[in-house]
Amino acid sequence: MDISYQIPRAALVWLLAAVILVILPQSIRMPVWISLVAFSCVTWRIFIFRGVLPYPGRIMRVLVVLFTLVVSVTQMRNIGIGLDSAASLLTLGFVFKLIEMRQKRDIYVVISLCFVMAMVAFLYSQSVLSTLYIMLVITATIGAMIALNRSSLVSDNAGTARLAGKIILQAIPLAVVLFIVFPRIAPLWAVPLQTGTSTTGVSDEMSPGDISQLGRSGDLAFRVQFENISPPLHQDLYWRGLVLDDFDGETWRRTRTSSSYSVASALADFQWDWEDRVNKNGNPIYYNVIMEPTQQPWLYSLHLAESETQEFYRSRNFELFNNGLISQRFSYDLRSFTNNQTDLILLDSARNRSTRLPESGNQRSREFATQLRDSVASDRDYVYAVLSHFQQNEYFYTLNPALLAEDRVDDFLFNTLEGFCEHYASSFTFLMRSVGIPARVVVGYQGAEYNRFENYMMVYQYNAHAWSEVWLEGEGWVRFDPTGAVSPERVELGMEAALGDDPAFMEDGLFSGLLRGNLNWFNTLRLRLDAIEYEWNRRVVNYDEEVQFEFFTKLFGEVTEQKVLLLMGGLASLVILAIGLTVIRIEPRSKRAPLDKFYFKICKELGKINLERKQGEGPIAYRNRVCVARPDLSETMFELTDLYVKLSYGENSQNDAQLKVEIKNLKVMFARLKSHLGPLARLKQT
Amino acid sequence: MFSLNAEKQSETQANFVDNKLSQQVQTIVDEVGKALLGKDHQIRLALCCLFSGGHLLIEDLPGMGKTTLSYALAKALGLGYNRIQFTSDLLPADILGISIFDQNTSQFTFHPGPIFNQLVLADEINRTTPKTQSALLEAMEERQVTIEGETRILPEPFFVIATQNPVTLAGTYPLPESQLDRFLMRLRLGYPDQQAERKLLEMSTEKDKVEDIRQCLSVKDVIQFRKQSSEVKASGPLLDYVLRLINFTRGKDDFHFGLSPRGSLAIMRSAKTWALMCGRNHVVPEDVQVILPWVVEHRLRATLDDDGHTGASLVQRLLNEVDVID
């Protein structure tokens with residue numbers, strides 16, 4: 001016997017809407033075929049409802065399970081055990097459950113899975129937009145629950161939507177409170193998130209073409225907010241990432257001892273103490289950086305940065321490393337000393353590292369360098385000579401440079417003459433090293449876009465940049481940017497000014513550079529939205545244990561265990577009270593007329609001598625009872641009750657003024673009754 | 001089922017005012033009381049029902065004085081009276097009347113049935129078949145009967161006093177809810193107390209007493225009484241109380257069905273008459289409480305009910321759980 005439950009039409013519509021909504025964001029990330037499977041399951045479900053298709057039979061169900069197994073195994077082999085493979089497995093199970101949803105309990109399973117899927121979506125993105133979207137999904141899911149529990153005859157979808165919206169709105173304050181006070185417990189185990197995703201941002205290797213690739217992307221790299229002061233000039237915004245000091249004739253690399261990316265200490269070589277190698281001059285600049293996930297451990301900062309609150313690894317080349325990969329948005333506070341001098345005395349090992357070149361190759365460049373060095377007096381003059389060489393010759397700054405032949409530096413310097421910042425930084429550093437001047441390539445970002453709405457700066461991937469640092473006697477490491485010599489706009493105004501007309505600029509982005517630069521309102525809107533996103537990240541996504549602790553300290557002074565317990569207890573009882581009130585739903589009593597109020601007072605007073613009026617007892621019956629029990633009270637009781645009955649039930653309806661007078665009379669009688677009762681009540685007590 | 005306590009109690013609750021009307025009522029009660037000893041409260045309720053213009057159903061075991069009560073009432077009020085003994089072979093025509101061909105005039109002449117009387121005693125109404133029971137339906141509600149396509153108006157006033165044996169007895173056809181609802185009140189007489197029964201035994205025959213009852217009111221007085229009762233004032237707080245009572249019966253699991261608007265009208269009508277009979281021109285909650293059991297008991301039914309007598313306990317709940325003043 002197979003009597004399957006017929007799901008109400010309205011409930012099915014709501015449920016399928018919720019399912020589609022919850023799968024949509026996943027389908028962007030998942031392989032296309034999973035989305036196809038998902039949507040065909042939804043369609044199948046609709047056909048089952050219409051009676052066109054049957055429920056899947058036993059064989060079909062076994063096949064589906066096998067299919068899911070095979071898929072999950074292959075997924076795990078291909079992209080590893082991680083969020084992506086788990087999410088696609090969950091999605092498959094979820095959509096297959098749809099077609100064998102026969103009983104009411106199956107529908108509840110699907111509804112619960114909808115909530116789980118919504119949570120999974122948060123693992124991918126926690127932006128404002130996705131939060132709003134998930135709220136929409138949850139509203140639809142709740143709508144499905146409501147529709148399921150309504151009579152199948154009622155299909156008042158607007159009413160369902162209203163109720164679902166009301167439930168969500170009621171839940172928001174509770175969610176906010178829980179968000180603020182709920183203890184942030186560190187996860188017991190870590191899920192390897194996003195194993196399949198590639199690293200983004202600047203890499204620790206630089207070949208020609210690498211950074212120009214980033215120039216095509218309009219993605220955000222990080223946001224910065226400067227504390228108290230107005231931000232530095234655009235040309236001073238060099239966000240140092242990594243120092244590349246190993247050149248093999250083609251690629252600049254970071255010298256590293258270990259190949260593992262995840263062990264930051266290995267990348268940082270070891271924890272270097274900078275203090276005796278630097279001269280900190282001038283006032284420090286304080287700023288906060290919120291980095292987008294890069295899957296890399298290094299951080300970006302202005303030159304010579306240190307953190308007061310967080311523990312970062314510091315390398316010998318003044319780079320900063322986080323302990324672990326940046327796999328989520330990451331916020332850190334830094335202070336930088338801009339007028340600084342570093343490494344006034346260069347150790348031999350460092351000098352060796354910074355002057356090393358391949359044995360052979362690029363002969364023409366080496367000769368050119370030697371000649372030029374011989375023609376000037378000092379190292380500094382030589383640097384300027386090289387820079388003016390770039391400036392005076394027909395060098396061209398472009399995102400699409402010509403491909404380079406074997407001897408890349410030679411080819412670029414003397415043949416093609418066109419390149420992106422990595423070409424200039426690379427060849428400039430090569431020219432320095434050929435004559436024995438310590439020099440190195442630094443990669444990171446240059447410039448930023450200012451968001452006036454929230455007073456912070458946005459650094460995009462197309463701001464990626466490479467420049468050089470040269471060690472000069474008596475000055476230490478000095479930053480030189482050969483790109484600035486070729487295209488001053490790039491440094492002073494930014495990428496958009498320098499390459500805004502280049503069709504390759506930001507071609508990977510959603511909106512082309514053209515649209516971006518020219519439409520004023522669009523630009524304003526973009527900045528506004530980003531400002532909201534920034535605040536969201538700062539205040540909500542970054543709300544961790546530490547911030548919570550700080551917040552409570554600000555509110556209640558020192559946070560003690562007692563206070564925390566009190567707060568939690570108070571809030572818990574508040575929540576329970578609120579739930580209790582909604583469950584019991586105490587109906588507000590219609591306001592009692594003053595006369596009735598007064599009569600109740602009399603009854604209460606008589607209650608003191610155990611003669612309270614019973615529920616359902618009429619005033620006359622009550623009077624009779626009282627008179628039988630206490631004949632001494634009968635005169636007053638008669639008077640009181642008669643007046644009350646006359647006022648309340650009598651033939652002549654009273655006007656308000658009359659009623660007031662009568663109530664006054666009643667009060668006089670009541671006072672008499674009270675004076676009579678007082679001693680009695682006391683007597684009874686003793 | 002046949003307890004007396006509730007009745008005794010409710011009598012003391014009534015708030016009497018001594019005036020012409022209440023005296024008049026007292027005279028009738030005393031007069032009828034000569035025939036039905038020790039049942040003053042029931043007599044009063046029966047009067048209340050008749051003065052409200054409603055029909056009365058008396059349910060009790062055989063030999064409790066049901067017929068005596070109705071006969072005595074008819075005499076005291078001076079109403080034209082006829083009695084129909086309901087048996088299982090009674091036909092509608094036996095009640096309503098029939099046209100018979102008259103040889104002399106060569107025409108059909110209508111011979112009115114016993115229903116064409118001011119007071120009709122339908123004795124043992126539940127011993128007849130539903131077909132005949134329903135013949136009373138139109139008469140009771142519309143105060144007219146349609147026979148052979150012709151509608152005939154019944155005399156004014158028109159009362160039906162029906163008696164029935166409890167449905168648990170053999171050979172009864174329970175009245176359907178639709179018909180029960182048409183009776184304003186359902187009374188139970190109950191056993192007389194010892195004192196009354198002694199007095200009863202001292203008397204020679206019952207019948208003599210009924211013969212002795214003299215007429216206390218004219219038909220005009222009865223109609224006048226009915227008119228006056230509709231003018232009794234029910235204040236806002238009182239209407240609120242009645243509304244609370246009615247709402248209490250609706251939409252609850254324990255109640256198989258709630259009171260119909262006809263039921264709520266019946267409560268108001270009887271309460272007003274009761275107030276009038278007590279000599280007052282306004283209704284007090286106690287009036288409602290006195291008549292409530294008799295007016296709504298037969299209209300209420302618990303969800304689990306097999307003999308139609310769960311109404312009494314439900315009424316007790318109404319009285320105890322709905323507060324007079326909210």
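Sequence lines set the chain letters: A, B, ... in the order given, protein chains first and strands last, and positions in each chain run from 1.
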Legend entry - Part of Arg625(A) within contact of chain B (heavy atom distance under 4.5 Å): neither
Legend entry - Value rounded to 0.5 Å, distance of CD1 in Ile325(B) from CD in Glu617(A): 10.0 Å
Legend entry - Toward chain A, the part of Leu319(B) with a non-hydrogen atom under 4.5 Å: backbone
Inset, instruction - Quick one: closest heavy-atom pair of Ser235(B) and Ser648(A), and the distance? - result: OG-O, 2.7 Å
Inset, instruction - Report, as yes or no, whether the 6.0 Å neighbourhood of atom CD on Gln194(B) holds more than 12 heavy atoms from other residues, nucleotides or ligands. - result: no
Legend entry - Val324(B) to Pro619(A) - nearest heavy-atom pair and separation: CG1-CD, 4.0 Å
Legend entry - Neighbour count >12 (heavy atoms, 6.0 Å) for atom NZ, Lys104(A): yes
Legend entry - CD (Glu321(B)) with more than 12 external heavy atoms under 6.0 Å: yes
Inset, instruction - Kindly check if the number of other-residue, nucleotide or ligand heavy atoms within 6.0 Å of CZ (Arg198(B)) is above 12? - result: no
Legend entry - Greater than 12 external heavy atoms within 6.0 Å of Gln195(B)'s CD: no
Inset, instruction - Please test Asn320(B) against Lys614(A) for side-chain contact (heavy atoms from CB on, under 4.5 Å), starting from the C-alpha separation and ending with a verdict. - result: CA-CA 8 Å; Asn320(B) 292 335; Lys614(A) 287 182 210 149; over 6 Å; no
Inset, instruction - Any chance you could lay out the side-chain contact (heavy atoms from CB on, under 4.5 Å) test for Tyr649(A) and Asp287(B), step after step, and finish with the verdict? - result: CA-CA 11 Å; Tyr649(A) 304 107; Asp287(B) 297 329; over 6 Å; no
Inset, instruction - Output the distance between atom CG (Asp323(B)) and atom CZ (Arg613(A)), rounded to the nearest 0.5 Å. - result: 4.0 Å
Inset, instruction - Please confirm whether the backbone N or O of Gly616(A) pairs with a side-chain atom of Gln289(B), one donor and one acceptor, at under 3.5 Å? - result: yes
Inset, instruction - Could you tell me whether the side chain of Gln615(A) and the main chain of Val322(B) form a donor-acceptor pair under 3.5 Å? - result: no
